[in-house]
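Notes to accompany the following structure.
Numbering of ligands and ligand atoms starts at 1, following listing order.
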Amino acid sequence: MSINLTESQTMLHQMVSDFADKKVKPYDMQIDKERAYPKELWEGVIETGFLGLTIPEEHGGAGFDAIASAQTVYDMAIRNASIAFTLEGHYKTVDQVMNYATPALKEKYMPQANHRIFGFSSTEPQGGSNIMGNTANAVKDGEKWILNGNKTMITNGGLAEVYCVLLKTSPDELSCFLVDQDMPGFKHGKREEFIGMNGTPVGEIFLENVVVSEDHLLGKLGQGVEIGDHAHYDARILMGAIAAGITEQALTIAVDYAKQREAVGTPIIQLHSIQTKITEIAIAKENIQLLYQEAAKLKVEGQPYAKVATMAKSYGSRAAVIAADHTLQVLGGYGYSREYPAEHLIRDARALQIAEGSLEKMMIEITKEVVKEREA
Ligand SMILES: Cc1cc2nc3c(=O)[nH]c(=O)nc-3n(C[C@H](O)[C@H](O)[C@H](O)COP(=O)(O)OP(=O)(O)OC[C@H]3O[C@@H](n4cnc5c(N)ncnc54)[C@H](O)[C@@H]3O)c2cc1C
């Protein structure tokens, strides 16, 4: 670990590890199979206060920073990636409400975010990468806004009760609105049949003439792209932490198995080809961790963190898939079995190459930044 945790962050880390050992780790395989969190685990997440981790104390939360939330997501992900993914979806949305909502809206919704899940919604059925191609819209009607359209692939969709939604406010302008599932005209749609992160529902919402007051607009009119970008950058720190957590899990499984599995009269950990895989997994984990922790540190210090956060997710999402694939190979035939966790780690890690900006889009962003730095 490259970062020194403060005393309160260390206590949090111990508390999360203890919780996750008892209430998350034993259910890792079950969560993947049943595509849901056990009731006891989910209730524990809310009762223990994990949803309010980053919410300022004045709004009833614990007031921890981005280093602590990344550490928490990592600590969860080394036991089960889905629960970490669910927290990531909530934390990145809460951050945008904190940064862009009016004081009155924060006063109303921030305390609720301690026990109600929040989700961020940009993608539409016709495409996610090209957000200006969105058609869901908001139309001004006196002092109110009328919201219409379909949104899809929302992390925690269905589980979340409050959404930040990017909507067209003119043909070349996106704005962000806070929408509550209890508003008339709001409906949840189907859950996606995704192949991994099986505890986390990813689903649709429908807005049909949903009426919101002016203060449900986050930030200024037309600030939607900026808010969406910020949500991506905040999420990418946490996704780096998830990638590192999956890689750590892959490492533990590979090492434990290789120490006890014998071939040619010796534990397979003695074989060079197995050592190569274990070494690659271990190096990947350290590298991903360095990147997401650096991004979190920059965010806490108030410095630009978008590039490093994007690197953490871009590198981490590929390295975690390769690491989990190495682990599958170390486990041989058992690795290819659904009875062992290596295969679901690959499926879980794969999500990180698509959600919060696809790998291809992130590479464009990183290259742009690198070129800009050299031209400065
Ligand atoms: C597990 C998961 C969770 C998600 N959670 C959320 C969420 O919480 N909120 C939300 O709004 N969305 C969410 N999404 C949706 C996600 O953001 C989109 O899937 C993603 O933006 C890609 O959009 P698309 O699927 O429509 O693919 P498309 O945009 O149609 O892209 C298809 C392919 O073309 C490539 N491509 C597209 N444009 C370019 C370009 N300009 N240059 C190079 N390549 C390009 C893409 O990289 C991709 O490989 C989630 C998706 C997944 C898998």
Q) Any chance the side chains of S69 and E88 put a donor and an acceptor closer than 3.5 Å? A) no
Q. Is any side-chain N of the basic residue among R116 and D182 closer than 4.0 Å to the acidic one's carboxylate O?
A. yes
Q) Do the charged groups of K277 and E280 touch, with an N to O distance under 4.0 Å? A) no
Q | Closer than 4.0 Å: a protein non-hydrogen atom to atom 34 (O) of ligand 1 | A | no
Q | Residue selection (non-hydrogen contact nearest atom 48 (C) of ligand 1) among K361, E192, M363, E360 | A | E360
Q: Ignoring angles and geometry beyond distance, decide whether T152 reaches within less than 3.5 Å of ligand 1 through its nitrogen or oxygen atoms.
A: no
Q: Have a look at E214 and tell me which of K144, K140, K220 forms a salt bridge (Lys or Arg N to Asp or Glu O under 4.0 Å) with it.
A: K140
Q. So, for F50 and F19, is the gap between ring centers shorter than 6.0 Å?
A. yes
Q: Ignoring hydrogens and angles, state whether a donor on the side chain of E124 or T135 is under 3.5 Å from an acceptor on the partner side chain.
A: yes
Q. Will you find, in the side chains of E226 and Q223, an N or O donor that is under 3.5 Å from an N or O acceptor?
A. yes
Q) Among all protein non-hydrogen atoms, which one is nearest to atom 2 (C) of ligand 1, and what is the separation to 0.1 Å? A) A355 CB, 3.6 Å
Q: Could you tell me whether G127 and ligand 1 have an N or O pair separated by under 3.5 Å?
A: no
Q: Show which atoms of ligand 1 fall inside a sub-4.0 Å distance from at least one heavy-atom site of G128.
A: 21 (O), 23 (O), 24 (P), 26 (O), 29 (O)
Q. So is G89 close enough to ligand 1, meaning a heavy atom under 4.0 angstrom away?
A. no
Q. Between E173 and T169, is any side-chain donor less than 3.5 angstrom from a side-chain acceptor?
A. yes
**Q.** Check against side chain to side chain contact (heavy atoms under 4.5 Å, CB included), E294 and L290
**A.** CA-CA 6 Å; E294 175 66 10; L290 285 170; over 6 Å; no
Q: Consider ligand 1: state whether an atom of it lies below 4.0 angstrom from any non-hydrogen atom of S121.
A: yes
Q | Atom indices of ligand 1, in the order listed, that fall short of 4.0 Å to a heavy atom of I354 | A | 19 (O), 20 (C), 53 (C)
Q | Is_contact(atom 30 (O) of ligand 1), protein non-hydrogen, under 4.0 Å | A | no
**Q.** Nearest non-hydrogen protein atom, atom 15 (C) of ligand 1
**A.** T123 OG1, 3.2 Å
Q | F194 contact mode with ligand 1 (heavy-atom cut-off under 4.0 Å) | A | side chain
Q. What protein heavy atom sits nearest atom 9 (N) of ligand 1, and how far off is it?
A. F120 O, 2.8 Å
Q | For K92, atoms of ligand 1 separated by under 4.0 Å from a heavy atom | A | 8 (O)
**Q.** F85 vs V73, side chain to side chain contact (heavy atoms under 4.5 Å, CB included): CA-CA, chis, key distance, verdict
**A.** CA-CA 8 Å; F85 194 54; V73 163; over 6 Å; no
Q) Any idea which part of I364 is under 4.0 Å from ligand 1, heavy-atom wise: side chain, backbone, both or neither? A) side chain
**Q.** Ligand-residue contact atoms, ligand 1 with T155, heavy atoms, under 4.0 Å
**A.** 3 (C), 4 (C), 5 (N), 6 (C), 7 (C), 8 (O)
Q) Would H188 and Y163 count as a close aromatic pair, with their ring centres under 6.0 Å? A) yes
Q: Write out the residue and atom name of the closest protein heavy atom to atom 46 (C) of ligand 1, then the distance separating them to 0.1 Å.
A: S358 OG, 3.6 Å
(Q) Please compare A160, S122, S129 and report which has the shortest non-hydrogen distance to atom 38 (N) of ligand 1. (A) S129
**Q.** For atom 25 (O) of ligand 1, closest protein heavy-atom neighbour
**A.** M153 CE, 4.1 Å
Q) Which heavy-atom pair separates K313 from G357 by the least distance, and what is that distance? A) NZ-O, 3.0 Å
Q.
Can you confirm, on distance only, whether ligand 1 has an N/O atom lying under 3.5 Å from any N/O atom belonging to F85?
A. no
